[in-house]
Structures are given as C-alpha cells and as structure tokens.
Amino acid sequence: MRHWHWRHWSVRTRLMAMTALPLAYLFCTFVWYAYQSRLSEVREEMAERGPLVAKVLADSSEFSLVSRRYDDLKLTINGLLRADPSIYRIEVLDAQRRELVHAAARTGGVEPQLGYYEAPVLKRLMWVAMLGPDGKPYRKDGPSGASGMTVETMGYVRVTMSPSALLLKQTRRFYVELLVGSIGLLACMLLAWQLAKGLNASLYASMQALREADAEKRRLIRKVNTAVEDERQSIALEIHDELNATLIAARLEAQRIADLSLEGEVRDKAQSIIKLTLGLYNSGRQLVRRLRPEVLDMLGLDGAVEEMVRHYDSVRSGCRFDLQAKGDFSKMESGIAISAYRIVQEALSNVVKHARATHAEVTLALEEGELRMRIRDNGSGFDLAQASSGIGLVGMRERVYAFNGRITVDTGLAAGTCIHIVMPIR
C-alpha cells in the first residue's frame, strides 16, 4: 500500500493526475447532469401530455357514453394506444367510477413509475323554451327553475402514462451526448498525455542539469576545501620549519648571551628575549595545530577528535565534553577525515561560544560503509530559521554535501542542539 502513495509517483504520473482528475470530475458531472435532465424532461412531458390526452379523450367520449356505443369508443382508444406508445392504459368509467371500457398496451413486464391522469366526461344540456297551446312558454322535460345550459358528470377517463417510450427516445439522445463527451474526454486525455510527456521531458532535463550543476558544485567545494587544507598544511610547515626553527635558534643565542654575561642589564635583556621567543614558539605550535592537526595524520580521526575534546574539556568554560568512538578510522580517506574534523571543530566551537551548555557529547561511528557523527549538547538551543544564514552552519552543510552526505539539525529555544551527520566512505 505504501507504493501507491503519491510521493512515490513519477513527475509524469503527477502531471497526468493533476490533469485527469479535474477532467474526470467534469465528465462525471456532465454525465450526471445530462442523465438527470433527460429524466426531468420525461417527467415534464408526461405531466404535460397525460392531462391533455385525458381531456381530449373525455371531450370526444361524450357522445359514445350518451349513446352507449362502447365498441366505437374502444376502437378509438385502441387507435390512440397504437399511435402513442407513451400511453400504457386507458380506462373509461361511469359516474360511480365503475369500469365501462378499458384497453392496455402490450408490454413485456410491469412498467415502473407510471403516471395516472384523469379527466371527467361532461354532459352538457341546453334547455330551450317552447310555446304551449295557450301561447305561454314552457320547458319540455326541464327541471323547474332550470335555464340556459347545465353540465353534469357522466363518467371519467383515466389515462395511465408509461415513461418507457419517452425514456427510450431520451436515452438515444443521452447516448449521443455521452459519445460526444467521451470523445472530448479522450481527446483531452491524449492532449494531457502529450503535455505531460513534454513537461516531463523538460523537467527531467532541468533536473538532470541541476544534478550535474550540484555535482559540479560539490566537486568544486571539495577542490576548494582540498586547496585550503593544502595551503594550511603548507603554511603550517613553513611556520614549523622556518619560523619555529628560527625562534629556537634565537632562544639558544639569547641563552648563550645570558650565560656569558655577568649580572646586569645585558643578562636581563637576554632573559627577556628567551621568554619572548619561548612564547612565540608556543604560539607558533598552537597555530600549527589549528592549521593542520598533526595527530590527524598520526592517530586518525578518532585520535584527533579525542585531543580536541580533551582540549575543550580542559578549558574552564563550565561545560564537560565526552567522546564515544566506534570503528577503525586509520584507513579513512584524508579528505573525508579532515572535513569531519573541521565539522566537529566548528560544532564544538559553537557550543563553547553560544550554547551555554553544561555537557556536550561527540559520537563517531563507522558502520555499513558510512561515517556517522553526532554532536549533542544540553544548551539553550537556537531558532533554526534565524540561524540558517550563519556561515558556520552553512560551512558544515557544504562540507557534508561535498561528499554526498546528509546533515540534520534538531534544535529549538531552550531545547539543546543535536547535529546528525552521515557521510559515505568510498
């Protein structure tokens, strides 16, 4: 089920989904609307035609009912059933709603959603005044007080309408609309496929160019870091071989002057030169360690980091530093080792300068062909969004990315900081 998650989809699949889902929704909406509109038209046509057929048939049935010519009425009804397939059944009832004549269309089964419409058969009587022998007007067979025309109901015509024929006609129209809509949907899907294909190719080319540019940037960063480290090593060697050697020679000469001189100003000046050269020599050695830790070449990454941790732990900063190392670091590539050393150096320097922590721990491990590092402290932490532009964190990221590694920073205000780094070992 995990493989169906949208994060695992390709760019083309995502583009097709973004295009196809709205089109499918519009198509389904169109089909539903077309189907419902056809049903509505059938109902409206039945509601309009049913009362009209019942009224016309009732008006034409008056003579047949008066004269009791039911056979002629049945012929008329059967002809109407044959002419209009939407009529399912016609019944003629008397005034007491007893059936006189009925006819039904021949169907294969029970018709659903039948509509019933009824109209009265009216008998209209015109009363004519006649003159009697005495010359006075009278109405033959007329009820007393009757005048003009009277209307009475002599029966009813009940028409039952069936939607099948109307639905069949509307269904044909619906299938035509569905076919046109399907052709349009297919054309849109093909066009979307072509667009997605073109966009996918363009995005793939762009992503490939970005990957190549990123790989080139990483190679450039590695070369720059290598050049910087080589220059630092060169400067360290110059300081160690030239400056420190000169300082040692100057110290020895000053010591000789002090030994040959008697008590006085010359001896005191010689002692001052000895102290000055000794201080410069110690400063030079510290500068050499910062530029290029000798222990990194002698004892490997774990030994160099151990010396660094011991140095920070000896500084009276109020923070205790611990190291845990696992694995054989002696055969590690020099470029990765120096980058890892610089990352740890930057992280511990930040702990001392900004964290206000009481405990910090460095963990080094070589597992499954990867160098895994973790630098964790219990300090005040920081807002990662505001500190992301800091050059120290950016430099750490660039050093990690240069070797196709991964770095995550877990921190927060008053929550301490934990930096996880994974670098592949080739």
Side-chain angles (χ1 to χ4, degrees), residues 29-128 139 141-143 146-181:
T29 304
F30 165 75
V31 171
W32 177 84
Y33 176 77
Y35 180 75
Q36 294 297 327
S37 64
R38 297 293 169 253
L39 292 180
S40 178
E41 289 179 8
V42 169
R43 288 192 292 266
E44 292 175 359
E45 188 170 354
M46 286 178 58
E48 180 181 354
R49 183 180 297 185
L52 180 61
V53 171
K55 181 70 172 58
V56 171
L57 190 58
D59 292 341
S60 63
S61 301
E62 178 183 356
F63 177 75
S64 298
L65 290 182
V66 170
S67 61
R68 299 183 181 277
R69 301 176 65 176
Y70 299 138
D71 293 336
D72 295 342
L73 183 58
K74 191 166 186 177
L75 289 174
T76 303
I77 292 174
N78 287 328
L80 187 59
L81 287 173
R82 288 191 297 270
D84 192 346
S86 64
I87 301 176
Y88 177 70
R89 182 183 178 90
I90 297 178
E91 300 170 272
V92 180
L93 312 174
D94 62 7
Q96 288 74 37
R97 296 186 181 276
R98 294 189 297 266
E99 186 177 282
L100 298 176
V101 179
H102 79 276
R106 295 180 180 179
T107 57
V110 179
E111 292 287 334
Q113 298 180 354
L114 298 175
Y116 302 91
Y117 305 96
E118 192 175 272
V121 180
L122 302 177
K123 181 171 69 174
R124 298 173 179 84
L125 299 177
M126 182 70 71
W127 302 104
V128 180
R139 288 187 172 90
D141 299 331
S147 62
M149 184 175 58
T150 61
V151 179
E152 69 177 81
T153 302
M154 60 184 302
Y156 299 92
V157 173
R158 180 182 296 168
V159 178
T160 304
M161 303 291 293
S162 170
S164 297
L166 299 176
L167 283 174
L168 181 60
K169 182 177 68 175
Q170 296 292 346
T171 300
R172 293 194 186 100
R173 295 175 56 187
F174 173 73
Y175 284 156
V176 172
E177 294 177 355
L178 183 61
L179 178 61
V180 174

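Nothing fancy with the numbering, it's 1 onward along the sequence.
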Smallest separation among heavy atoms of [X] and [Y], with atom names:
X: Ser162; Y: Tyr88; result: CB-CB, 3.7 Å
X: Pro120; Y: Ala58; result: O-CB, 3.4 Å
X: Leu65; Y: Met154; result: CB-CE, 3.4 Å
X: Leu100; Y: Leu93; result: CD1-C, 4.0 Å
X: Phe174; Y: Tyr35; result: CE1-N, 3.6 Å
X: Ser61; Y: Val157; result: OG-CG2, 4.4 Å

Rounded distance [0.5 Å steps], [atom1] in [X] versus [atom2] in [Y]:
X: Leu80; Y: Ile87; atom1: CG; atom2: CD1; answer: 4.0 Å
X: Asp94; Y: Thr153; atom1: CG; atom2: OG1; answer: 12.0 Å
X: Ser64; Y: Asp71; atom1: OG; atom2: CG; answer: 10.0 Å
X: Gln96; Y: Tyr156; atom1: CD; atom2: OH; answer: 9.0 Å
X: Tyr70; Y: Leu75; atom1: OH; atom2: CG; answer: 15.0 Å
X: Arg89; Y: Met161; atom1: CZ; atom2: CE; answer: 15.0 Å

Kindly indicate, with the supporting measurements, whether the criterion side chain to side chain contact (heavy atoms under 4.5 Å, CB included) is fulfilled by Tyr117 and Arg49. CA-CA 9 Å; Tyr117 305 96; Arg49 183 180 297 185; over 6 Å; no

Short question: side chain of Ser37, backbone of Ala34 - any donor-acceptor pair under 3.5 Å? yes

Determine the sole option in Glu44, Arg38, Met46 for which the side chain to side chain contact (heavy atoms under 4.5 Å, CB included) test with Val42 is passed. Met46

Test log, rule side chain to side chain contact (heavy atoms under 4.5 Å, CB included), inputs Arg158 and Glu99: CA-CA 10 Å; Arg158 180 182 296 168; Glu99 186 177 282; over 6 Å; no

Could you point out which residue of Arg69, Arg68, Lys74 forms a salt bridge (charged side-chain N to carboxylate O under 4.0 Å, His left out) with Asp72? Arg69

Counting only heavy atoms not in Gln36, do more than 12 fall under 6.0 Å of its CD? yes

